[in-house]
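Residues: numbered from 1 along the sequence shown.
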Amino acid sequence: MACSLMFAGCAMGQEDNDFATLPSPKPGEAVATFGGGCFWSMSEALSELKGVDKVVSGYSGGTTQHPTYAEVCSENTGHAETVQVYYDPKVISFTTLATAFFFAHNPTELNYQGPDQGLSYRSIAFYRTPEEKTILQDVMKKINAEKHYSDPIVTQVVAYKAFYPAEKYHQGYYRLHPDQGYIESVSVPKVMKFRTAMKAQLKPEFQ
C-alpha cells in the first residue's frame, strides 16, 4: 500500500534520478538531520522557522549509498525519508529545532505516518555530538511528560553517518505543487498544525 500510494500521490510516479546537490554549511551555520514521514511536509515546516536558511530533502539511516526514491520506497535500503536542516545556532538552538521536529509529525507512530507505511517513513532523529543526543532524549522526555501526544514517542535517536540528497523534483515540492492531491490532503494539515504549535518561532510571513 505504501509504495503504491506514494507513487500515485506523494511521489507522482516520477522516475527522474537527477539528484539535488548537497550544499556546504555557510560560516557559522550548523546542520541537523531528521526523518518523520514524507519529507515534503517536514521540509516545508522546518524551513518556516526563524534561523533556518535551507532544508534539503533526502535519505539517511540506511546502508545503500546514493539511493533513488524508488529504491528507498522498496524498503530494501534501510533509509528513511529525511531532511537536512542548515541553521544559525545564534538564532535557533538545537533544542528548539528538535522540539519543532517532534511537532512537525506524529512521533508516536511506529514505522508509518498517516497513510504512508513502512520503515522509510519512520520517525528518526540523528545526533552529531553527545550533547545533541542528550538534547533529543531530554526533549522527548519533556514532550512525553507534558502529554502532548496520547501515546509515548517512538522516535529512533541514532548517530549520524551519512545523508544522501533526494532527486531535484522532491526539493521544495510543497510550495511548487500546492494543488497536488497528497499535498492538499496530507501535507497541508501537518504544516498548519505545526504553525500553531511553533507560532512564536516562525518567520514573520508564516505567523
Trainee: Can Val55 be reached from Val191 by stepping across I, L, V, M, F, W or Y side chains whose heavy atoms are under 4.5 Å apart?
Mentor: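 In one cluster: yes.
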Trainee: Considering residues at least two apart in sequence or located in another chain, which fulfil the side-chain contact (heavy atoms from CB on, under 4.5 Å) criterion with Tyr112?
Mentor: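 Checked Tyr112 against side-chain contact (heavy atoms from CB on, under 4.5 Å); matches are Glu109, Gln117.
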Trainee: Looking at every heavy atom in both Ala100 and Met198, which two are closest together, and how far apart are they?
Mentor: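 Here Ala100 and Met198 meet closest at CB-CE, 3.7 Å.
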Trainee: Specify the closest pair of heavy atoms between Ser43 and Phe39, including all atoms of both residues, with the distance to one decimal.
Mentor: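 Minimum heavy-atom contact is OG-O, 2.8 Å.
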Trainee: For atom NZ of Lys142, decide whether the heavy atoms of other residues, nucleotides or ligands shown that lie under 6.0 angstrom number more than 12.
Mentor: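 At most 12 heavy atoms, drawn from other residues, nucleotides or ligands, come within 6.0 Å of this atom.
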Trainee: Tell me the closest heavy-atom pair linking Gly61 and His79, and the distance in Å.
Mentor: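 Minimum heavy-atom contact is N-ND1, 3.6 Å.
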Trainee: Count I, L, V, M, F, W, Y as connected when their side-chain heavy atoms are under 4.5 Å apart, and connections chain through other members. Are Tyr173 and Phe163 then in the same cluster?
Mentor: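 No, because Tyr173 and Phe163 fall into different hydrophobic clusters, even though each may have its own neighbours under 4.5 Å.
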Trainee: Looking at every heavy atom in both Ile183 and Pro178, which two are closest together, and how far apart are they?
Mentor: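 Taking Ile183 first and Pro178 second, the nearest heavy atoms are CG2-O, 4.1 Å.
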Trainee: Could you give the distance from OG1 (Thr82) to CZ (Phe34), rounded to the nearest 0.5 Å?
Mentor: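 One finds 11.0 Å between OG1 of Thr82 and CZ of Phe34.
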Trainee: With sequence neighbours left out, what residues match Asn76 under side-chain contact (heavy atoms from CB on, under 4.5 Å)?
Mentor: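 Scan of Asn76 (side-chain contact (heavy atoms from CB on, under 4.5 Å), adjacent residues dropped) gives Ser74.
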Trainee: For side chain to side chain contact (heavy atoms under 4.5 Å, CB included), just list the numbers for Lys193 and Thr196, CA-CA rounded to whole Å, side-chain angles, deciding distance to a tenth of an Å, and then say yes or no.
Mentor: CA-CA 5 Å; Lys193 183 178 179 181; Thr196 299; 5.8 Å; no
Trainee: Tell me, which pairs form a side chain to side chain donor-acceptor pair (under 3.5 Å) where one or both residues lie in residues 90-105, sequence neighbours left out?
Mentor: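 Pairs touching residues 90-105 that pass the test: Ser93-Thr96, His105-Ser123.
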Trainee: For the atom pair CG (Leu136) and OH (Tyr127), what is the distance rounded to the nearest 0.5 Å?
Mentor: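 Interatomic distance, Leu136 CG to Tyr127 OH, rounded to 0.5 Å: 9.5 Å.
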Trainee: Keeping to residues at least two apart or across chains, list the side chain to side chain donor-acceptor pair (under 3.5 Å) pairs with something in residues 51-65.
Mentor: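 Every pair satisfying side chain to side chain donor-acceptor pair (under 3.5 Å) with a residue in residues 51-65: Lys26-Asp53, Tyr59-Glu167.
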Trainee: Which atom names give the shortest non-hydrogen contact between Ala104 and Ala45, and what distance separates them?
Mentor: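 Looks like CB-CB, 4.0 Å.
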Trainee: Checking Asn144 side chain against Ile153 main chain: does a donor-acceptor pair fall under 3.5 Å?
Mentor: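 Yes, because the side chain of Asn144 sits within donor-acceptor range (under 3.5 Å) of the backbone of Ile153.
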Trainee: Is any side-chain heavy atom of Leu49 closer than 4.5 Å to one of Phe206?
Mentor: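 Sidechains of Leu49 and Phe206: no contact.
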Trainee: Looking only at heavy atoms, what is the nearest atom pair of Ala125 and Thr155, with distance?
Mentor: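 Nearest heavy atoms, Ala125 then Thr155: N-CG2, 3.8 Å.
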Trainee: Atom SG of Cys38 and atom NE2 of His170: how far apart are they, to the nearest 0.5 Å?
Mentor: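 Reported to 0.5 Å precision, the distance equals 8.0 Å.
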Trainee: Report the C-alpha distance between Phe19 and Thr68 in whole Å, list the side-chain angles of each, state the deciding distance to 0.1 Å, and finish with yes or no for side chain to side chain contact (heavy atoms under 4.5 Å, CB included).
Mentor: CA-CA 9 Å; Phe19 293 94; Thr68 65; 3.9 Å; yes
Trainee: May I ask you to test the Lys190-Ser187 pair for a side-chain heavy-atom distance under 4.5 Å?
Mentor: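 When only atoms from C-beta onward are counted, Ser187 and Lys190 do not touch, as no gap falls below 4.5 Å.
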Trainee: Could you tell me if the side chain of Tyr182 sits less than 4.5 Å from the side chain of Asp116, heavy atoms only?
Mentor: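 They are in side-chain contact.
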Trainee: With Phe126, which residues qualify under ring-ring contact (aromatic ring centres under 6.0 Å, His included), at least two apart?
Mentor: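 If we apply the ring-ring contact (aromatic ring centres under 6.0 Å, His included) test to Phe126, skipping adjacent residues, there are no hits.
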Trainee: If we check side chain to side chain contact (heavy atoms under 4.5 Å, CB included) with Lys203, which of these qualifies: Glu205, Gln207, Gln201?
Mentor: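 It is Glu205, the one option of Glu205, Gln207, Gln201 that forms the side chain to side chain contact (heavy atoms under 4.5 Å, CB included) with Lys203.
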Trainee: Kindly say whether Leu119 contributes a backbone atom to a donor-acceptor pair with the side chain of Glu75 at under 3.5 angstrom?
Mentor: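 Yes: the side chain of Glu75 pairs with the backbone of Leu119.
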Trainee: Tell me every residue that passes ring-ring contact (aromatic ring centres under 6.0 Å, His included) with Phe103, counting only those two or more places apart in sequence or in another chain.
Mentor: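 So Phe103 forms a ring-ring contact (aromatic ring centres under 6.0 Å, His included) with His148.
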Trainee: Are the side chain of Tyr86 and the backbone of Pro23 linked by a donor-acceptor contact shorter than 3.5 Å?
Mentor: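 Yes; at least one donor-acceptor contact below 3.5 Å.
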Trainee: Measuring from atom CD of Gln84 to atom OG1 of Thr33, what distance do you get when rounded to the nearest 0.5 angstrom?
Mentor: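 Those atoms lie 3.5 Å apart.
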Trainee: Find out if a path of hydrophobic residues (ILVMFWY) with successive side-chain heavy-atom gaps under 4.5 Å connects Val157 to Leu46.
Mentor: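 In one cluster: yes.
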Trainee: Hydrophobic cluster membership, with links at side-chain heavy-atom distances under 4.5 Å among I/L/V/M/F/W/Y: are Leu97 and Phe101 in one?
Mentor: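 Yes, one cluster joins them.
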Trainee: What verdict does the side chain to side chain contact (heavy atoms under 4.5 Å, CB included) test give for Gln113 and Val186, after you've listed the backbone C-alpha separation in whole Å, the side-chain angles of each residue and the deciding distance to 0.1 Å?
Mentor: CA-CA 10 Å; Gln113 280 292 302; Val186 179; over 6 Å; no
Trainee: State plainly whether one hydrophobic cluster holds both Tyr149 and Met140, where clusters connect Ile, Leu, Val, Met, Phe, Trp and Tyr through side-chain heavy atoms under 4.5 angstrom apart.
Mentor: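 Yes; Met140 is reachable from Tyr149 via cluster members.
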Trainee: In sequence, state the C-alpha distance, the side-chain angles, and the governing distance for Ile92 and Lys50, and then conclude on side chain to side chain contact (heavy atoms under 4.5 Å, CB included).
Mentor: CA-CA 7 Å; Ile92 183 171; Lys50 289 182 287 188; over 6 Å; no
Trainee: Starting at OH of Tyr164, measure out to CD of Glu71 and round the result to the nearest 0.5 Å.
Mentor: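 Between atom OH of Tyr164 and atom CD of Glu71 there are 12.0 Å.
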Trainee: Consider only side-chain N and O atoms of Ser120 and Glu81, and report whether a donor and an acceptor are under 3.5 Å apart.
Mentor: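 Side-chain D/A pair, Ser120 to Glu81: absent.
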Trainee: Got Val188 and Tyr174 here, is their nearest side-chain heavy-atom distance under 4.5 Å?
Mentor: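 A side-chain contact exists here, since the closest heavy-atom pair is under 4.5 Å.
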